[in-house]
Chemist: 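This is the structure I want to talk about, given as structure tokens.
If you're wondering where the values come from, they're calculated on a predicted model, not measured in any experiment. The first residue of the sequence shown is numbered 1, and numbering continues consecutively from there.
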Amino acid sequence: MYLSFLYTVLRFFLNQKTTIGYSFMALITIGGERIFSMVSFQCPCNHTQNFAYGLTFLLGPAAVLLVFGLFFSSSLWRLYTGCCLNPMKLCPHGNCFSCLKVFMGIFTGACVAPIMWLSVALLNGTFYECAVSGLNDNLVVDLFCKNKTLKCREELARVPCDRSKLSSDERMELLLMLRAQSQILGWSIIIIAITVGLLGTCYKNCRSKVSYLQLTFWKHYMDKEKERFDTFAVDYATKLAERNLQSFFENKDPNPFPFPNHKAWEEISAHYTFSTSEQYYSTLQRYVEKIGRDFTPETRPVMDLEHGIEMS
């Protein structure tokens, strides 16, 4: 019974790995924002630097997270790798709309972490308070200092710090106004992101060419194929390394080693979307089930230098 319970718990976590991953990302984002706020962030509290400094802390980490999201996107590298030598890899069938849709999907996935950062940072309000208090725009100043003394206009930039010459009540009132605006923006971003995500998912499922259960099976298959591909790749790389080392140390010709040809690697590396004319679940399945495919392995498992690409 104990083993059965553990198996049930394990299956639950495996089935919810996407949710757990996003939850973990949210915790990391919250922790990172708190560290930035308490350790490295020190608002200069003057009109000339507040806006640039606060905006840098608000948008800078979001931009870095966006770059990291794109950098670690395997789908992006599937499309990009080799496209300088063969630009048609970006749009294999000349369908620019389909290509744009793929890039939008990649960009949307990379935006999850930046949106989380912006939401958490705005809900906390520290960076926004510093940035907006440094604006000299009359509209902003009039909004916060309406029906207040001239000193409010002069001291607005010092409100996020303890150096303001305003009374504690006036300073707290301005601080609460800044924080309220920041939190409204934060919740607005969260609501817009959730709404767009929901509408996008509804549209995608509505336009799906397969049923919900088959779509679920497709996602499970892709996860398992990637997982097993990584395992097979490590296994075969180990065998090839052992074969080469054995040949080197024993000073003899290497043993024959069956290896997919370069054309096969190109075909399974292409981005694949489901179509009714080709009812496969991946480029790998499409390749292995292709009638009359070339089973000739590479005689020598080496890199393709056809285009002058060299290893350094």
Chemist: How close do W265 and P260 get, heavy atom to heavy atom, and via which atoms?
Modeler: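 Closest heavy-atom pair between W265 and P260: NE1-O, 3.4 Å.
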
Chemist: Can K239 be said to sit on top of Y236's aromatic six-ring, NZ or CZ under 6.0 Å from centre and within 45° of the ring axis?
Modeler: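 Positive - K239 is close enough to the ring of Y236 and near enough to its axis.
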
Chemist: If only atom types and distance count, is the side chain of S73 paired as donor or acceptor with the main-chain N or O of G69 below 3.5 Å?
Modeler: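 Not at all, since once roles are kept as given, no pair shorter than 3.5 Å links the two residues.
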
Chemist: Show which side-chain atoms of residues 189-204 pair as donor or acceptor with protein atoms under 3.5 Å away, not counting sequence neighbours.
Modeler:
{"from": "T195", "atom 1": "OG1", "to": "I191", "atom 2": "O", "distance (Å)": "2.7"}
{"from": "T201", "atom 1": "OG1", "to": "G197", "atom 2": "O", "distance (Å)": "2.8"}

Chemist: Answer with yes or no whether the hydrophobic clustering places Y287 together with F232; edges join I, L, V, M, F, W, Y residues whose side-chain heavy atoms lie under 4.5 Å apart.
Modeler: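 Yes, same cluster.
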
Chemist: For L70 and L76, which heavy atoms make the closest approach, and how far apart are they?
Modeler: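 What the structure gives for the nearest pair is O-CD2, 3.3 Å.
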
Chemist: Is there a side-chain contact between K252 and Q246 (heavy atoms, below 4.5 Å)?
Modeler: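 Yes - at least one pair of side-chain heavy atoms lies under 4.5 Å apart.
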
Chemist: Hey, any chance F127 and L178 share a hydrophobic cluster, counting ILVMFWY side chains that come within less than 4.5 Å of each other, even indirectly?
Modeler: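 Shared cluster, yes.
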
Chemist: So R78 and T283, do their side chains get closer than 4.5 Å, heavy atoms only?
Modeler: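 Yes, their side chains come closer than 4.5 Å.
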
Chemist: Quick check for you: to the nearest 0.5 Å, what is the distance between E289 atom CD and L284 atom CG?
Modeler: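 The CG atom of L284 is 9.5 Å from CD of E289, to the nearest 0.5 Å.
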
Chemist: Rounded to the nearest 0.5 Å, what's the gap from SG on C111 to CE on M104? Could you check?
Modeler: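 With rounding to 0.5 Å, SG (C111) is 8.0 Å from CE (M104).
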
Chemist: Going by the side-chain hydrogen bond (donor to acceptor under 3.5 Å, both in side chains) test, name the single residue among R286, K290, H262 that passes it with E267.
Modeler: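 For E267, the side-chain hydrogen bond (donor to acceptor under 3.5 Å, both in side chains) test succeeds with only one of R286, K290, H262, which is K290.
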
Chemist: Does the pair C43/C161 show an SG-SG distance of less than 2.5 angstrom?
Modeler: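 Disulfide absent: SG-SG distance not under 2.5 Å.
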
Chemist: Return yes if some donor-acceptor pair links the side-chain N/O of S247 with the main-chain N/O of R243 below 3.5 Å, else return no.
Modeler: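 It does not hold such a pair.
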
Chemist: Considering only heavy atoms from C-beta outward, does the side chain of L213 approach that of F217 to under 4.5 Å?
Modeler: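 The answer is no, as the side chains (C-beta and beyond) never meet within the 4.5 Å cut-off.
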
Chemist: With side chains defined as the heavy atoms from C-beta onward, is the minimum distance between Y281 and E225 less than 4.5 Å?
Modeler: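 Side-chain contact under 4.5 Å: no.
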
Chemist: I'd like to know if the side chain of N124 and the backbone of V120 have a donor-acceptor N/O pair within less than 3.5 Å.
Modeler: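 Judged by distance alone, no pair lies under 3.5 Å.
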
Chemist: Please say yes or no: joined through hydrophobic side-chain contacts below 4.5 Å, possibly via intermediate residues, are M172 and M177 part of one cluster?
Modeler: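 M172 and M177: separate clusters.
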
Chemist: Drop me the distance from F107's CZ to S75's OG, to the nearest 0.5 angstrom.
Modeler: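 Taking CZ in F107 and OG in S75, the distance rounds to 15.0 Å.
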
Chemist: Centroid-to-centroid, W77 to Y80, below 6.0 Å?
Modeler: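 Here the rings of Y80 and W77 have centres that are less than 6.0 Å from each other.
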
Chemist: Looking only at atom types and distance, does a side-chain atom of N50 sit under 3.5 Å from a main-chain N or O of S133, one as donor and one as acceptor?
Modeler: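 A pair under 3.5 Å: no.
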
Chemist: So does V210 get a backbone contact from the side chain of Q214, meaning a donor-acceptor N/O pair under 3.5 Å?
Modeler: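 Such a contact is absent between Q214 side chain and V210 backbone.
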
Chemist: Can you name the closest pair of heavy atoms from R158 and C45 and give their distance?
Modeler: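 Smallest interatomic distance, heavy atoms only, reads CG-O, 3.7 Å.
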
Chemist: For the atom pair NE2 (H220) and CG (L215), what is the distance rounded to the nearest 0.5 Å?
Modeler: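 The distance works out to 10.0 Å.
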
Chemist: Please table the atom pairs, donor to acceptor, closer than 3.5 Å between any side-chain atom in residues 51-68 and protein atoms at least two apart or in another chain.
Modeler:
{"from": "Y53", "atom 1": "OH", "to": "Q42", "atom 2": "N", "distance (Å)": "3.1"}
{"from": "Y53", "atom 1": "OH", "to": "Q42", "atom 2": "O", "distance (Å)": "3.4"}
{"from": "T56", "atom 1": "OG1", "to": "A52", "atom 2": "O", "distance (Å)": "2.6"}

Chemist: Can you check whether L175 reaches E129 side chain to side chain, under 4.5 Å on heavy atoms?
Modeler: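 Yes, side chains in contact.
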
Chemist: Any side-chain donor-acceptor pair under 3.5 Å between Q181 and Y128?
Modeler: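 Present: a donor and an acceptor within the cut-off.
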
Chemist: So how far is it from K101 NZ to I106 CD1, rounded to the nearest 0.5 Å?
Modeler: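 So the NZ of K101 and the CD1 of I106 are separated by 13.0 Å.
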
Chemist: Is there a path of hydrophobic side-chain contacts, each under 4.5 Å between heavy atoms of I, L, V, M, F, W or Y residues, that connects F72 with F229?
Modeler: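 No; F229 is not reachable from F72 via cluster members.
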
Chemist: If hydrophobic clusters are built from ILVMFWY residues whose side chains come within less than 4.5 Å, do W187 and L118 share one?
Modeler: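 No; tracing contacts between hydrophobic side chains, which count when under 4.5 Å, never links both residues.
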
Chemist: Could you walk me through whether K219 and D223 pass the salt bridge (Lys or Arg N to Asp or Glu O under 4.0 Å) check?
Modeler: CA-CA 6 Å; K219 293 176 181 177; D223 289 340; over 6 Å; no

Chemist: Output yes when a side-chain donor or acceptor of S269 lies under 3.5 Å from a complementary backbone atom of E266, and no otherwise.
Modeler: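 No, S269 side chain to E266 backbone: no donor-acceptor pair under 3.5 Å.
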
